[in-house]
Amino acid sequence: MTAPSRPPLKSITPTSNGRQHADAARARTAVGEPKGVAEGVPIAVRPDPQQGDGRYPVAWLHICAPRGAVPTATSKCLCGRDRSAVGKARVLALIADHEAHRDACPLRTTQKGRTAA
């Protein structure tokens with residue numbers, strides 16, 4: 001026994017000439033800006049006009065103290081320091097420790113005054 005044949009899912013309209021579709025596609029493209037580029041957006045990559053002054057962030061102190069809840073804080077530095085505290089007294093101590101780390105951080109201290117080992 002053979003299964004009944006199914007009708008095609010897509011109806012293809014017969015054309016008298018295969019060139020009609022190609023000619024229609026060519027007629028739609030216009031000469032000018034490349035496709036996919038929005039108006040007013042430059043195509044070439046340009047250097048960033050905002051020049052920095054050489055400073056960049058090294059250490060971060062994140063404090064979260066919602067009203068009526070226990071405060072938390074996190075102190076992170078690019079030198080590898082990563083500390084956290086929970087509770088009002090410990091958060092205040094971490095803030096003081098974070099401020100003291102500014103002077104002790106090896107990434108922030110200058111190497112001019114040190115002697116070579």
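What's counted below: heavy atoms across the whole structure, side chains too, no hydrogens, waters or symmetry copies.
- Atom CH2 of W60 and atom CG of D82 lie 11.0 Å apart (nearest 0.5 Å).
- The two atoms that bring S75 and R81 nearest to each other are OG-NH1, 2.5 Å, heavy atoms only.
- Taking every heavy atom of both residues into account, A85 and R90 meet most closely at CB-O, 3.5 Å.
- Minimum heavy-atom separation, V58 to C105: CG1-SG, 4.4 Å.
- Heavy-atom minimum distance, P71 versus V91: O-CG2, 3.6 Å.
- The structure places CG of L94 at 8.0 Å from NE2 of H98, a figure rounded to the nearest 0.5 Å.
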(request) Could you check H62 against K76 for side-chain contact (heavy atoms from CB on, under 4.5 Å), going step by step and ending with a plain yes or no? (result) CA-CA 8 Å; H62 177 78; K76 292 185 180 183; over 6 Å; no
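- Considering every non-hydrogen atom in both L107 and C79, the closest pair reads CD1-N, 3.4 Å.
- If you check the side chains of T74 and R83, you find no donor sitting under 3.5 Å from an acceptor.
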